[in-house]
Amino acid sequence: MSLLRLAERVMGEGEVFRAGERLTCVAYELSLYGEYLVKDGSLALAGQVVEGHVHASPDALEALLGLTAPLTLHLEDGRRCDVYLLNTEGTITSADDRGCYWP
């Protein structure tokens, strides 16, 4: 059994990269969750989940769609998140269980 717990909400402006190439600037609204597993009667952190939205022109967002390679969102505070853009409304989700990390 796993449990998600909201750890942080983050808003700001950042840059989106794929495979090291800068693609565009976006505004972002993210919810960062800790994913916990019940292990021997206690909770153990298993990873982090990022969910939220990025805001940019529809044309810019359409160019970011695709699940072949994740996007890396560079946040204002220096952290990064590897995510997938799910639709042209800007919905994003984690590409892995690292959540937001320091490079």
Q: Quick one: which of Val83, Val54, Ile92 gives a side chain to side chain contact (heavy atoms under 4.5 Å, CB included) with Tyr28?
A: Val54
Q: Can you give me the closest heavy-atom contact between Asp96 and Asp82, atom names plus distance?
A: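 Closest heavy-atom pair between Asp96 and Asp82: OD2-OD2, 3.7 Å.
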Q: Can you give me the closest heavy-atom contact between Phe17 and Gly20, atom names plus distance?
A: CD2-O, 3.8 Å
Q: Carefully, step by step, assess Leu43 and Leu37 under the rule side-chain contact (heavy atoms from CB on, under 4.5 Å).
A: CA-CA 6 Å; Leu43 293 176; Leu37 296 176; over 6 Å; no
Q: List the atom of Val50, the atom of Cys100, and the distance in Å for their closest heavy-atom pair.
A: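 Smallest heavy-atom distance, with atoms named: CG2-N, 4.0 Å.
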Q: Mind listing the closest non-hydrogen atom pair of Ala56 and Cys25 along with its distance?
A: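 Shortest heavy-atom contact: CB-O, 4.1 Å.
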Q: Would the distance check show the side chain of Arg18 and the main-chain N or O of Leu64 forming a donor-acceptor pair, the cut-off being under 3.5 Å?
A: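 Between the backbone of Leu64 and the side chain of Arg18 there is a qualifying donor-acceptor contact (under 3.5 Å).
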Q: Answer yes or no: are there more than 12 heavy-atom neighbours, outside Arg5 itself, under 6.0 Å from its atom CZ?
A: no
Q: Between atom CG of Leu75 and atom SG of Cys81, what is the distance when rounded to the nearest 0.5 Å?
A: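 That separation rounds to 4.5 Å.
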Q: Minimum heavy-atom separation for Ala7 to Gly34, with atom names?
A: CB-N, 4.4 Å
Q: For the atom pair CZ (Arg80) and CG (Leu71), what is the distance rounded to the nearest 0.5 Å?
A: 14.0 Å
Q: Looking only at heavy atoms, which two atoms of Glu76 and Glu13 are closest? And how far apart?
A: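 Residues Glu76 and Glu13, closest heavy atoms: CG-O, 2.8 Å.
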Q: Short question: side chain of Ser94, backbone of Asp97 - any donor-acceptor pair under 3.5 Å?
A: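 Judged by distance alone, no pair lies under 3.5 Å.
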Q: Could you point out which residue of His53, His55, Arg9 forms a side chain to side chain donor-acceptor pair (under 3.5 Å) with Glu29?
A: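 Answer after filtering His53, His55, Arg9: His55.
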Q: Establish whether Leu73 and Val10 are linked, either directly or via other cluster members, by ILVMFWY side-chain heavy-atom contacts under 4.5 Å.
A: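 Yes, same cluster.
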Q: Which distance, rounded to the nearest 0.5 Å, do you find between the CD of Glu51 and the OG1 of Thr91?
A: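 So the CD of Glu51 and the OG1 of Thr91 are separated by 10.0 Å.
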Q: Go through the steps to decide whether Val16 and Leu85 satisfy the test side-chain contact (heavy atoms from CB on, under 4.5 Å), and finish with yes or no.
A: CA-CA 11 Å; Val16 176; Leu85 180 68; over 6 Å; no
Q: How long is the gap from CG on Leu65 to CG on Asn87, to the nearest 0.5 Å?
A: 7.5 Å
Q: Do Leu4 and Tyr36 share a hydrophobic cluster, counting only Ile, Leu, Val, Met, Phe, Trp and Tyr and linking them when any side-chain heavy atoms are less than 4.5 Å apart?
A: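 No.
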Q: May I have the step-by-step check of side-chain contact (heavy atoms from CB on, under 4.5 Å) for Val38 and Leu3, ending in yes or no?
A: CA-CA 8 Å; Val38 177; Leu3 168 76; over 6 Å; no
